[in-house]
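Notes follow once the structure below has been shown.
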Amino acid sequence: MILTINGRPLAATPGETLLQVARRAGVDLPTLCHHEGLEAWGGCRLCVVEVRRRPDDAPKVVPSCLQPAEDGVRVETHTEHLLRIRATLLDLLLTRAPDSDLIRRLAVEHGVSDGTFEPRPEPTSCILCTLCTRACAAVGAHAISTAGRGAEGEVSLPFVDDADACVGCGSCAAVCPTGCIELKDAGSRRTIWGRTFERVPCEVTGQPTVTREYAELLARRSGLPVDSFFVSDEGRRRQTADRVAGLVGVGDGRVA
Amino acid sequence: MSERIASLAALEAWRTRLVAAHDPKRKAIAVCAGTGCKAYGSDQLTAAFRKAVAERGLDVDVRATGCHGFCERGPLVVIYPSMIFYQEVGRKNLAKDVAEILDQTVAAAPGAEQIVARLQYKTPDGTPVVHEHEVPFYKHQNRLILSFNGKIDPDSLADYVANGGYRALAKALGTLTPEQVLAEVDASGLRGRGGAGFPTGRKWRFCREAVAPLVNGVPTRYVVCNADEGDPGAFMDRSVLEGNPHGVLEGLLLGAYAIGAREGYVYVRNEYPLAVQRLTKAIADARAAGLLGADLLGTGFAFDVHVTRGAGAFVCGEETALIGSVEGNRGQPRFRPPYPAVSGLWGCPTTINNVETWVNVPLIVDRGAAWFAGIGTRGSKGTKIFSLVGKVNHTGLVEVPMGATLRHIVEQIGGGIQGGRAFKAVQTGGPSGGCLPEPMLDLEVDFDTLTAAGSMMGSGGMIVMDDRTCMVDVARYFIDFLIQESCGKCTPCRDGLIQMGHLLHAVVEGRATRATLDRLEALAPVVRDASLCALGQTAPNPVLSTLKYFRHEYLAHIDHRQCPAGVCKALITYRVNARCTGCTVCAVQCPEKVIAGEKKGLHVIAEDRCTRCGVCHSVCTFGAVDILPGRGGKE
Amino acid sequence: MKQLVVTPIRCIGCRTCEIACAFSHPAGRTPGRSRIRAFPIRPPEGGIPVVCFQCDTAACVTVCPTATLTRNPRTGAIDYAEARCVHCRACVAACPFGNIGYDDASRRCYKCDLCSGDPQCAKFCPSRALEFA
Amino acid sequence: MSALPATPLDLAPLEPILARYPADRRSLVMVLQDVQAAWHYLPREVLNRVAERLAVPRSHVYHVATFYKHFSLTPRGAHTCTVCMGTACHVRGAGLLVEHLERRTGMKAGDTTPDGRLTVETVNCVGACALGPVVIVDGQYVGSATARKVDRALEACMGHAERKPEDSGITSNGGDSLGAGTDRQASSVVAWGRPPDPQTPTASGDGKEDTE
């Protein structure tokens, strides 16, 4: 199918979103709550664009991360109204994450040097984009979720302190755009959501690998034995080389 | 009547038996058992009537019916067959009222009934009215849906059938194909009563034509009745559910037949326990009678319905949020497309309509699309129930044809403003709607005219405001309401409304400047255009419409630091005037103890320490406490 | 479909393949992590090159929660779509041969993608220990 | 906050509730409704058991339980006084009624008295708009509510609430924000669990939870 973005005709395949088509065509659309690997959320609204099915329709503002590409649709990505929306949204997000480098950078790029709105009482840098809870659900732990409604919402463990379901994989901290989820690694000890895990050291290289809880989850999901996850990639490569060496009969069956 | 009705003929036979058994001349006392009248003790009244009738050995029915609509004058009693209307029965003296009504009105021969004058409705100029249909509140209405409420006992399937209930269903199952039923609804021009006014026929067609996934081997579609009714100030769905639950069920049955659904849900908000109770009983009775379940009336059509309760979330009135709630999740809206008609409950095509939309369907199928299309305006067909509340003399449910003017509703039906004060505005469409000023009173009310005027039909809430209502405070109230009810999913609504709230509080608390208005008007379009669902998209409407029609009040708050209506605490002053008789009640009642004065002497409020709690004004029976705009004393 | 053929016996342990791989997968302006490792053998035999086997039923694909690792129909390789990765490192823990690693510096996994059908390691291998045929 | 029940929570009532619904995610909101009705709040142990039995992660149960206004994770009072803040009630002075109750109980709307006897809360519309302002005391609707009517309704349902003679009789008539109501009455105040002035909330609720 063919659609036009900022006047340029572009080919698109059914099932693609406007964001995918735009990015493929090199159009830079900012996103915060979008992640290619996770279920679309459509909450931050930064990626909004204007669409018109017929030339004389009034432009409709839609999130490009969710709006499916349609044949013949006219898309504008940087109209004056859209730029004002993005600037205001970033201004609003500064009330939640005044110290986040990403938000500040995006805000400056959209002409907002510093927040003009009244900041939240105790800003925690969390912008409630739910990337962390979606990642946790994708990994299969379902340890955290948003609690509370509206502006009082926050990401938390059940009853704030129940970290039983957490497996210490660290995906939540990795995907958080404002880095407000604390993950501390000291040697093989990992502390996250107030709980400390032991990452099992690799028998070959001694590097910390995954936590036992995470290995059990991966075992459940993949059918592989739990203990098969406790060797680092470095160690495994060495083991593979040894095995090949043994098969081929070079050296005394072991790599140096 | 609990045994199954095996066929359409059996249903008709039962109906003829019921109608024949009904003696039109038989006397009956209909006591309203809607929530409003129950609040004024109508349950005790009904019991008292039953006991007194038994003691007197009178041959007369005592029937508890659904809400008659004129709630503020409850408990309401109508004596059949002569339709004599009594109001506020048993409020002050239960036994006396019951005795007088029975002895003077019920015991007398028809035509010779004496009227208990003190329980009669009196028009503003004092003339008493005898019959229900002569009461101005009812006279100027066109009560199609609400007519059932007064007549039938909501817990009685027989009453509903005797009054034509399930005749439309029999007609559909017996003589019409699903496509014909759908075409009938389409041709009637019925539009959704939930608020947006989407054409119902078209919505049904989308759902019927959508590919239905198989659920244990059966292509599955759902019909849902949205009884979340979150709009504050609207309670027509409640009265229909409590007064005529079978009407809603019959509508769902017809919709399911037309669309091809086998299962339905009625999503009732948590604040309506009586509606849930009546609906649950109606469903049980319908199942027992073979009107729900498998092989309905021997026609092979199968449909069942479940009641699910909301749990306190205004946003669940939005379709995708409602779906989320029924599925056991948070009521958080989802992006569309896919629309629920294509992929709704558990991914199956789902039709969601409001209570009032569903209860119109049996009337359309029974009397035909042409009859329905004959009522209302070109773009909006049929009647609409408004809940007329606020500063108006007759508050209650008003059913008028689309196209009736605001003036007709507020003045003729509503009986004008309380205490003869000046009309200032009427708020329609709930938190998504707007406030319309006096010049708009001649607006013919329908979906399109209200939207054009910057408001919205919404579910039909109509809150009348007088000169003592501050429009800035109303805008602040709605934004504070929506801040509480925002689901928090998207930035513009979640964080944008908070900032609009701060700006409005600044105006209300006398901390604002002209720039505050500019910032409000800059932020509103962002919230309107960028929000994910209708809650956020329409949230700025009350602010924008009050700014449009009542900008002078905003400026009074900003430029002169005054609240003309005397509401905003920071911008008013309580001061005792010359009418003070020194009765010392205000001094005693004042929580802050800031009123000084001798017995019999003029009292004085220490304005710098007064917290403007309003107690003195409300307890003073001599009208000696004035509320002056502007902030004297306390800086 | 062409495959990367490894003949360990010919490997002289020169590790040119590692350099070629690192340079053809730059991380910013610097060479990235090599997706191939030629383990040195006690002289004189040379080395054992170890690189992703692009397994038919790959453990990394099974454990990945966001379908980041998918088969490339044209090259036959299992490609890593960085945009989809949630950095949970399940793949690193699951690969029985250690041929996928996670680079903390560039915050992404690294594995052999057969250079989109023109593997540089095979091109520069002086002793035909690596061939793409 | 009010006293936690001293005895370990009796989970018995949960079984009949769970039996009513299919054991999967779609029953969650309904089950939580019945749990709220049974315990007047959602105890943690009960929610964990519900998560287990409906095969739903605890985080999801917590996610849903903290969304709906009707659910409370903390014990609520044995008696509930709900002021409707719908638009119709708002323009007829519901706000002043809330202030009256807040003055009377010495706490903010939404809280429960330290002795766990009374919860005062607001709700955004109960659908009895024609008789605004509406206050519901333990399910009983008080129409065209005035401060005096609310006090009487609370006294009726709170039964033997102790009377504090020395407190000055303060009742105010909420009525319309500009005092349309005129009946005045100086009944003695009834303090429902209001802590003695000056308000120094006791460290932990010592009153035994006397749930009826």
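Below, read A as the first sequence line, B as the second, and so on, with proteins coming before strands; counting in each chain starts at 1.
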Segment of C:P96 engaging chain A (4.5 angstrom heavy-atom cut-off):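 C:P96 touches chain A through backbone heavy atoms alone.
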
Chain A contact via C:A83 - which portion, at a heavy-atom distance below 4.5 Å: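 Both backbone and side chain of C:A83 come within 4.5 Å of chain A.
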
Minimum-distance pair of heavy atoms, taken over all atoms of [X] and [Y]:
X	Y	result
A:A174	C:R107	O-NH2, 2.8 Å
A:Y214	C:C88	OH-O, 2.9 Å
C:A93	A:V210	CB-CG1, 4.0 Å
A:S222	C:T62	CA-CG2, 4.2 Å
A:H35	C:C85	NE2-O, 3.0 Å

Nearest-0.5 Å distance that lies between atom CG in A:L247 and atom CD1 in C:I48: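 One finds 9.5 Å between CG of A:L247 and CD1 of C:I48.
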
Spacing of CZ belonging to C:R37 relative to CD belonging to A:E234, to within rounding of 0.5 Å: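 That separation rounds to 4.0 Å.
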
[X] [atom1]: over 12 foreign heavy atoms closer than 6.0 Å:
X	atom1	answer
C:R71	CZ	yes
A:E182	CD	no
C:Q3	CD	no
A:R104	CZ	no

Engaged part of A:T209 at the chain C interface, taking heavy atoms whose separation is under 4.5 Å: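 Neither part.
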
Residue among A:D233, A:V244, A:V139 with most heavy-atom pairs under 4.5 Å to chain C: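 The residue among A:D233, A:V244, A:V139 with the greatest pair count is A:D233.
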
Looking at [Y], is its backbone amide N or carbonyl O close enough to the side chain of [X] to form a donor-acceptor pair, meaning the two atoms are under 3.5 Å apart?
X	Y	answer
C:H87	A:C169	no
C:R89	A:G170	no
A:R236	C:C95	yes
C:T66	A:L38	no

From CA spacing to verdict: side chain to side chain contact (heavy atoms under 4.5 Å, CB included), A:R237, C:F97: CA-CA 6 Å; A:R237 262 198 286 267; C:F97 310 107; over 6 Å; no

Side chain to side chain contact (heavy atoms under 4.5 Å, CB included) between C:F53 and A:T240, intermediate numbers included: CA-CA 11 Å; C:F53 304 132; A:T240 308; 4.1 Å; yes

